Amino acid sequence: MIKITLKDGSQREYPEGTPVAEITESISKGLAKNAVAGKLNDRVVDLSYSVKESGPLDILTFEDAEGKNAFRHTSSHILAQAVQRLFPGTKLGIGPAISEGFYYDFDSLHIFTPEDLVKIEQEMEKIIKEDLPLMRTSKDREAALEFFRKRGEPYKVELIQDLPADVEISLYQQGEFVDLCAGPHVPSTGRIKSVKLMSLAGAYWRGSEKNKMLQRVYGTSFPKKADLDAYLFRLEEAKRRDHRKLGQELKLFTIMDEGPGFPFFYPKGMVIRNELENYWRQLHRQWGYQEIKTPVILNRQLWERSGHWLNYRDNMYTTVIDEEDFAIKPMNCPGAMLVYNSEMHSYRDLPLRVGELGLVHRHELSGALHGLMRVRCFTQDDAHIFMTQEQITDEIKGVIDLIDSLYGLFGFPYHVELSTKPAKAMGTDEQWELTTKALERALIEKKMDYKINPGDGAFYGPKIDFHLEDSLGRTWQCGTIQLDIQMPEKFDLTYVGEDGQKHRPIMIHRVAFGSIERFIGILTEHYAGAFPTWLAPVQVKVLPITERQAAYARQLADELFKDGIRVEVDERSEKIGYKIREAQMEKIPYMLVVGDKETDNGTVALRKRGEGDKGTVSFADVKNAILAAISRKTND
RNA sequence: GCCGGUAUAGCUCAGCUGGUAGAGCGGUUCAUUCGUAAUGAAUAGGUCGCAGGUUCGAAUCCUGUUAUCGGCUCCA
């Protein structure tokens, strides 16, 4: 007999070799219906797995991450089976489950079209109806290689060859279809109730551009049709929030053919930018920063000295001036170095915090461009902090606090990653060790959860990256804190210590917004275009019901304008419903409707975004409420 | 950069198998003066991304090119 401990702590005994499915059945019929896999002694297993050892057992359903994985993974096998039925000779790449579904990579002479997806989906539904059981078998290495060679699956052969020697090679079979797979899987294809193929894409074999490009089919699946519908609805909602669409509709920015990756900002987008920058300056003043501005174009020698010419050349735009090479800055640091070096510094000046809203240009691959999120020119809210070794931890902690307060203002969830030494890097391992440890210590002292991102540091130093989560669940790197002892050496930075000797400062590079452009993109999606009043391009719209109230409307607007409020009057001879509809679509936070009644007694009929008609109120009260919302930067 | 899709008026899109361009919104003008998400009428606006080619004839077919969208990170 074996002893099984269930999630609730209760223990049950079963004869050795009882399948997980039977154990599940004995616990609850309902659970058995929803079970997709088991987790025995922390190992995920099939429901058909015969339990031979005692230990804790979790029954996984679609609600569990690992259960979802098995469910989607089986879905990908069904996809591959359908494709091989419809397009015989198609070679299989890999077909894993991913966060929102699954994919399978195929090598086929036939180029798949969106119409094919419909046919494949129908074939998949057939396979689901056939309710084929999935059977696991294992083979030794030679037999497995032979098996896939015979079936004409070169990619599977390559995968087996790369498997570690001691690992069990398992196959899963459903009907005529067999795939190399570690599992686990749901017991039969009939369990996949609702499946949908989403898109087609090219993908390099094993993710390397040196390899052949395969055709990838993306899909998703759910145990219930309603769940699929809910998922599709969420995708639609995400599309409605897409900053590229909203940016166009709300006239915030545009990207034209004439400047791929180089965004234009319209007046309304500039309002948001300027508000963000104003707040940024206010915040940095509080945190003891100074501000500078360095040139966009600087000569080649500088970039050679900083190491960019050697390490970052592929991403840099260059130009020639009077027969001399120049580069358009991809980073602000070398300029800041020159500023630091332009005068002598005492230890009394340190830490010296120098900020710069610097416009940088980087050559990104054309296929990587994406609205404001991935561009070829953007404004970094940069700063360089020059300090002594003793000041490192406090300064890093200060920057973490600054960034946290900035993100908190918008209510953004974020997580932190620590990126370590990349392949292409300057400096010794000891230097990297020292700086990486310093960053880590600050994180530990701040009691922050973080994940290590190996090899993703800047070429001059390790970094702490802040990743925001947007409305699509994608994460975007925004803030970053980089610790650097390379640049101060390259530029021979010094300060005079208490001892009257010259010493080498250590430097922090850091950004909080990251890129103002990207941050605006993220904000747009976050608020679905309904920016809080302090950021809204137009904060108030005064809507006279007829021409008779035009003078009163203008008078109100003037008063608001004098107090710095961004206000417009809609004096067109349209019906009030039409004016309201338009203001609503522009996502204006406050509408002041004025008719004869309001004109006569000096009031307004307030309509607030998201709240609708608030009735008649005194103008002074509304004005004060608006001013308060702006100055407190309320998330309204 | 690579794979696939897309490119028609300011915006969103229609235009079947090739016969020389259409709607709605928006703009302008006029009428209307209206109480909480679209008043009516008239009118202007496009060398169909660009360059070649096939054809009597190309928005439509072919080639190239540019931009854009999705993907190329999730590893049996």
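To find a chain, count down the sequence lines: A is the first, B the second, and so on, and within it residues start at 1. Everything quoted here is computed from the prediction, not taken from an experiment. Heavy atoms only: backbone and side chains are in, while hydrogens, waters and symmetry mates are out.
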Measure the distance from [atom1] on [X] to [atom2] on [N] and round it to the nearest whole Å.
{"X": "K245(A)", "N": "C25(B)", "atom1": "NZ", "atom2": "C1'", "result": "13 Å"}
{"X": "I588(A)", "N": "U36(B)", "atom1": "CD1", "atom2": "C1'", "result": "15 Å"}
{"X": "M585(A)", "N": "C25(B)", "atom1": "CE", "atom2": "C1'", "result": "9 Å"}
{"X": "L117(A)", "N": "G71(B)", "atom1": "CG", "atom2": "P", "result": "15 Å"}

| query | Taking NZ, NE, NH1 and NH2 as the nitrogens, is one of them in R240(A) or E237(A) under 4.0 Å from a carboxylate oxygen of the other? | reply |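 Salt bridge present between R240(A) and E237(A).
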
Go through the N and O atoms of the side chain of [X] and the base of [N], and report whether any donor-acceptor pair is under 3.5 Å.
{"X": "E598(A)", "N": "G35(B)", "result": "yes"}
{"X": "Y204(A)", "N": "G1(B)", "result": "yes"}
{"X": "R607(A)", "N": "U36(B)", "result": "yes"}

| request: For D162(A), report the nucleic acid contact type (base, sugar-phosphate, nothing); a contact means any heavy atom under 4.0 Å. | output: nothing

| task | Give A583(A) one of three labels, base, sugar-phosphate or nothing, depending on what nucleic acid heavy atoms sit under 4.0 Å from its own. | result | nothing

Partner of [N] by Watson-Crick or G-U wobble geometry, both contacts under 3.5 Å, or none?
{"N": "G70(B)", "result": "C3(B)"}
{"N": "G22(B)", "result": "C13(B)"}
{"N": "U47(B)", "result": "none"}

Can you find a side chain N or O atom of [X] that sits less than 4.0 Å from OP1 or OP2 on [N]?
{"X": "H370(A)", "N": "G70(B)", "result": "yes"}
{"X": "Q248(A)", "N": "U12(B)", "result": "yes"}
{"X": "R548(A)", "N": "C34(B)", "result": "yes"}
{"X": "S199(A)", "N": "G71(B)", "result": "no"}
{"X": "Y578(A)", "N": "C34(B)", "result": "no"}
{"X": "R244(A)", "N": "G70(B)", "result": "yes"}

| request: With rounding to the nearest 0.5 Å, note down the distance linking CG in D105(A) to CE in M213(A). | output: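 That separation rounds to 10.0 Å.
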
| query | Taking atom CZ of R206(A) and atom CG of L159(A), what is their separation to the nearest 0.5 Å? | reply | 5.0 Å

Of the nucleotides [options], which one has an atom closest to the side chain of [X]?
{"X": "R572(A)", "options": "G27(B), A37(B), G71(B)", "result": "G27(B)"}
{"X": "D257(A)", "options": "A76(B), A67(B), C74(B)", "result": "A67(B)"}
{"X": "M213(A)", "options": "C72(B), C3(B), C74(B)", "result": "C3(B)"}
{"X": "S573(A)", "options": "C74(B), G35(B), C34(B)", "result": "C34(B)"}
{"X": "I111(A)", "options": "G4(B), A76(B), U36(B)", "result": "G4(B)"}
{"X": "L159(A)", "options": "G35(B), U39(B), A76(B)", "result": "A76(B)"}
{"X": "E574(A)", "options": "U32(B), C34(B), U39(B)", "result": "U39(B)"}
{"X": "A203(A)", "options": "C72(B), U68(B), A76(B)", "result": "C72(B)"}

| query | Would you say the side-chain atoms of S76(A) pair up with the backbone N or O of F102(A), donor to acceptor, closer than 3.5 Å? | reply | no

| query | Side chain of R216(A), backbone of A201(A): donor and acceptor closer than 3.5 Å? | reply |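 Judged by distance alone, no pair lies under 3.5 Å.
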
| message | Surrounding NZ of K139(A) (heavy atoms of other residues, nucleotides or ligands, distance under 6.0 Å), is the total greater than 12? | response | yes

